Amino acid sequence: MRNAALYIGADPFTFNDIDIVRKCLDMFGFINIFLDRKNRDPEYQQYFLNYMDKADIIRHGMKDAGISQDVYSIIPIDETVEMAMTQNRIQILVLNFDYQYNTNFRLYKTLQYVNPNLNVVLLRGNGYVCAGFVKTLVDSDSGMFQYKKFCSDYAFKLLKIKTMRKIGITGNVGSRFGRCGDQLRERGFTVFDIDREVKKLDVDKDLQDEFRQELIAKGLKPPAKMDCRSLCRMCAVCGKTNSAAQYFIYQKINQLVADKMTSVFSDKIAVMFSFMCELGMEQIFDRTIFMENDQKTRVSRLVKHGLDIGYISDIEKIQMEDGEKRELCDFVIQDFDDSDVASQTVQLYNQRLKREMQVSRGHWH
């Protein structure tokens, strides 16, 4: 029977939803899943995913549960449930009884506008269990809030990295990343400066102690002073010890970038980081921008910021060659002292970057 439909939210697709789908398949053999193309819950709109991501959640959830693609279809709802039922000749509408605060409204609206012979089926799932937290949405307002927020956070964290539109901005130390980042920020991006985050090591004693203990645990001798300069020196010194220390430090920075990306509630993010290519991070971004300048320009800027030549030399030893970075990145912005980085960023975004990310991601918000 292909004229039965289940209306669900799928933020995320929980064990409760899986149980209801299985009950539908036992009853009808095939189930159409109605899924809103637009989000309709203003209270939780900052968490809710778009239609394509919700559909992706359902497909993965079905596959993990061992449910074949042959026994269900996902139907987008562009206007109303009633119109979707009419267009798809649905005679049986299944609702999740556990969403009790919305069920009566949906039921009455359905009966008002659709053929009164329509069969409305209310099914209750067996709930879900995660880290000892069990909730079936039938007890209290606070329980409803906890459940919805838990589900929304779960979906957001699970799929956020995949669904985010991510731009990586790099160049050698001394590049004017901020001017590029400011323009993207004005266009709705959340911008992170990882170089600035790393420099917190110079003043954060707890972070210094953590680094020291982890280095010791890995059999590495920590420098006398745990700051960015000393760690840079460790990476710049040749030898076997250097490769182990460099691997450790790069691993910590990779984790820092991942933590930043999973902590932000945004679907567009730009990450500025001098050593993005050195750590192989260009692969995690949809598009990357290389800010091109020359050694004379960089050294002049770094000296003006109080760095001595020895420190600058250590930095240069662990930086990738400009030509290699340029080859790895998608776009180039000229970043010499007389270059207008801001206008180049705006021009790049308006003419190429946004369009190419639309093609690569399939959609843009």
Side-chain angles (χ1 to χ4, degrees), residues 1-45 47-63 65 67-128 135-138 144-145 147-152 154-155 159:
M1 183 185 296
R2 292 177 177 261
N3 58 356
L6 169 63
Y7 182 59
I8 60 174
D11 273 306
F13 195 56
T14 66
F15 298 146
N16 194 69
D17 294 321
I18 287 287
D19 191 58
I20 291 176
V21 167
R22 285 196 172 114
K23 290 180 179 180
C24 289
L25 294 176
D26 288 342
M27 295 172 67
F28 312 118
F30 184 94
I31 190 67
N32 299 288
I33 297 177
F34 280 172
L35 196 59
D36 280 337
R37 195 181 289 276
K38 295 182 179 179
N39 298 323
R40 300 187 178 188
D41 191 333
E43 182 182 0
Y44 288 92
Q45 63 183 352
Y47 296 108
F48 274 25
L49 303 170
N50 58 47
Y51 166 78
M52 294 177 67
D53 295 329
K54 290 180 181 179
D56 194 42
I57 291 175
I58 293 175
R59 293 188 189 99
H60 280 85
M62 293 287 205
K63 183 178 179 180
I67 298 175
S68 170
Q69 293 184 354
D70 298 331
V71 296
Y72 73 92
S73 67
I74 301 175
I75 298 176
I77 299 177
D78 293 303
E79 297 296 334
T80 63
V81 177
E82 296 75 33
M83 183 175 293
M85 285 190 293
T86 301
Q87 292 173 345
N88 294 279
R89 300 180 181 179
I90 299 300
Q91 298 175 1
I92 300 172
L93 179 64
V94 181
L95 299 175
N96 185 346
F97 179 79
D98 286 340
Y99 292 102
Q100 54 184 335
Y101 294 91
N102 295 324
T103 295
N104 288 339
F105 170 77
R106 292 175 183 163
L107 177 59
Y108 294 148
K109 192 175 181 182
T110 298
L111 292 178
Q112 181 179 359
Y113 292 106
V114 185
N115 188 320
N117 293 324
L118 172 76
N119 292 308
V120 178
V121 178
L122 301 182
L123 292 181
R124 186 196 299 275
N126 287 330
Y128 67 96
K135 182 59 61 178
T136 54
L137 276 162
V138 293
M144 170 74 81
F145 174 81
Y147 179 91
K148 290 183 72 174
K149 184 161 192 321
F150 176 86
C151 291
S152 298
Y154 170 80
L159 294 176

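Residue indices begin at 1 and follow the sequence shown. In this text the structure is predicted, and so the values were computed from the model without any measurement.
Of all the heavy atoms in Ala55 and Ile74, the pair that sits closest is O-CD1, 3.9 Å. Closest approach of Phe28 to Val94, counting heavy atoms only: CE1-CG2, 3.8 Å. Looking at every heavy atom in both residues, Ile67 comes nearest to Arg22 through CD1-CG, 4.2 Å. Closest approach of Tyr72 to Arg59, counting heavy atoms only: OH-CA, 3.7 Å.
Note that CG of Leu6 and CD1 of Ile92 are 12.5 Å apart. Values are rounded to the nearest 0.5 Å. Put simply, CD1 on Ile58 and CD1 on Ile33 are 5.0 Å apart, with the number rounded to the nearest 0.5 Å. A distance of 11.5 Å separates OG in Ser68 from NZ in Lys63, rounded to the nearest 0.5 Å. We find the CD1-CZ distance between Ile90 and Phe34 to be 4.5 Å, quoted to the nearest 0.5 Å. Distance check: Ile31 CD1 to Ile75 CD1 gives 9.5 Å after rounding to the nearest 0.5 Å.
Although no hydrogens or angles enter the test, the distance criterion places a donor-acceptor pair under 3.5 Å between the side chain of Asn32 and the main chain of Ala4.
Salt-bridge formation is detected for the pair Asp19/Lys23: a Lys NZ or Arg NE/NH1/NH2 atom is positioned less than 4.0 Å from an Asp or Glu carboxylate oxygen.
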